[in-house]
Number of protein chains: 2
Amino acid sequence: MTNFTDRQKQIIQASLDLIANYGIHGLTIKNISKKVGISEPAIYRHFESKTDILLGIISKIKESSGMDSFVPADETKNTIAIIRETFTNRAKRFTKNPSIAAVIFSEAIFENNSQLYAAIGNIMEESQMKCVNIIKKGQNEGQIVDYIDAEQLALMIVGAFRLLVTKWHMSKNSFDLEEQTKILFNALEKIV
Amino acid sequence: MTNFTDRQKQIIQASLDLIANYGIHGLTIKNISKKVGISEPAIYRHFESKTDILLGIISKIKESSGMDSFVPADETKNTIAIIRETFTNRAKRFTKNPSIAAVIFSEAIFENNSQLYAAIGNIMEESQMKCVNIIKKGQNEGQIVDYIDAEQLALMIVGAFRLLVTKWHMSKNSFDLEEQTKILFNALEKIV
DNA sequence: TTAATGTTTGTTAATATTCACTAACATAGT
DNA sequence: ACTATGTTAGTGAATATTAACAAACATTAA
């Protein structure tokens, strides 16, 4: 979609880090410019407004939980394995860039701008729908129990993962997210 | 614990509503004073600082998901019934005061003040621990399957409920939270 | 009963600070 | 010469908070 310059990517990452460490109040043009190492007005050479920077953040978030991340490499794979891999991959990406994890499940950050709020809501909705569809497919193929609604199962899976990531962030990444994700999906496998 | 005057309660509720509707950026002394119908400095007759108001909010949140809310009325009750009732009650309370629901699972709101952040983290931790303990008790009594770790089960239950409430808030309370909570726990019952 | 006094809760006006953003100008590479 | 990217110095608006003062009310003393 949008192609960002190196400087823009740098600004987006700096913003992400600021939010992760100091909350949405920490995201000021002054702080961004300090982190990037240029003056405040120089930021405006790369983004028209602060809202534009936030849109850049959302675009980066989309990358990290967007459509493709649910498409399995191998169509013949077991449905449960697909789900497990999807979330393990996310955990891996969050571990690589913890700031994304801090922002991706904090919709509240965008609540004062309806454009941004709608965008983050869409990402959430889409990701959940993908999960529901995969589960349904698994149920049709007899790989997942069908006495539980796919919607409810998706709520549990996505909800549990979100909470795990939130706890990971709040603990200042003090445990191995990937490992805990695996443990979670081991437990889930016994259920579905 | 803390005893609030009527005016203080009014300020806390106004603040809660502001956050719920406009996000943390909407919470300004000016907006609070407008909502309460007094001048800005008058707010300082009732709270020493804005942080103090936020502490008041956290105190109110504690009421709504605190210790007692997990204590069962009837000790002889089925463990699963206790869990179901606990969360149904929470859903009821959120329906009565949707603004609390908007704030209670949005830790990001408090991220710029370590005192507040630690407080909300504690509430979260405590609530989760209570859930784990109840599950363990249920497992010991043979009412809940024991081939899944209590920690993982709690993660699923609390996580699913949190996500449900978040979706409810983001949809501007467009569905019946209590009903959906019941549906969720019907599904959970089939698993545990 | 009345006068004096203190407390509570409010007001208007002003404070310093921070915010996002702009104008004008500089420099280096194409 | 032009464009991209930077600078310094400033803008007005919004922020939390304080100072100084006033009305309403309760308590106490004459």
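First the proteins, then the strands, lettered A, B, ... as listed; each starts at 1.
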message: Tell me the interatomic distance from Ile38(B), atom CD1, to dA23(D), atom C1', rounded to whole angstroms.
response: 16 Å
- prompt: Is Val132(B) linked to Ile82(B) within one hydrophobic cluster, defined over Ile, Leu, Val, Met, Phe, Trp and Tyr using a side-chain heavy-atom separation of less than 4.5 Å?
  reply: no
message: Taking any heavy-atom pair under 4.0 Å as a contact, classify Thr28(B): base, sugar-phosphate, or nothing.
response: sugar-phosphate
Between dA4(D) (C1') and Asp6(A) (CG): distance, integer Å: 14 Å
message: What is the separation between atom NZ on Lys30(B) and atom C1' on dT11(C), rounded to the nearest whole Å?
response: 16 Å
message: Side chains of Gln13(B) and Asp17(B): any donor to acceptor distance under 3.5 Å?
response: yes
task: Rounded off to whole Å, could you give me the NZ-to-P distance for the Lys34(A) and dA20(C) pair?
output: 12 Å
- request: Rounded off to whole Å, could you give me the OH-to-P distance for the Tyr44(A) and dC21(C) pair?
  value: 4 Å
- prompt: Roughly, in whole Å, what's the span from CD in Glu40(A) to C1' in dA20(C)?
  reply: 9 Å
task: Name the nucleic acid region contacted by Ile32(A), choosing base, sugar-phosphate or nothing; use a 4.0 angstrom heavy-atom cut-off, strictly under.
output: nothing
- prompt: If you check every side-chain atom of Arg45(B), which of dC21(C), dT9(C), dT17(D) has the closest atom?
  reply: dT9(C)
message: Taking the basic N atoms (NZ, or NE/NH1/NH2) and the acidic carboxylate oxygens, is any pair closer than 4.0 Å for Glu107(B) and Arg162(B)?
response: yes
query: How close or far is atom P of dA20(C) from atom NE2 of His25(B), stated in whole angstroms?
result: 8 Å
query: Is the backbone of Leu27(A) close enough, under 3.5 Å, to the side chain of Lys50(A) for a donor and an acceptor to pair up by distance?
result: yes
- prompt: Phosphate oxygens OP1/OP2 of dG6(D): is one of them under 4.0 Å from a side-chain N or O of Arg7(A)?
  reply: yes
query: Which part of the nucleic acid, if any, lies within reach of Ile43(A) when heavy atoms closer than 4.0 Å are counted: base, sugar-phosphate only, or nothing?
result: nothing
field: Atom pair distance, as rounded to whole Å: OH in Tyr22(B) and P in dT15(D)
entry: 14 Å
query: Does Ser39(B) have a side-chain nitrogen or oxygen under 4.0 Å from the phosphate oxygens OP1 or OP2 of dT11(C)?
result: yes
message: The side chain of Pro41(A) is closest to which nucleotide in this list: dT5(D), dA9(D), dT18(D)?
response: dA9(D)
- prompt: Do Met156(A) and Leu184(B) have side-chain heavy atoms sitting under 4.5 Å apart?
  reply: yes
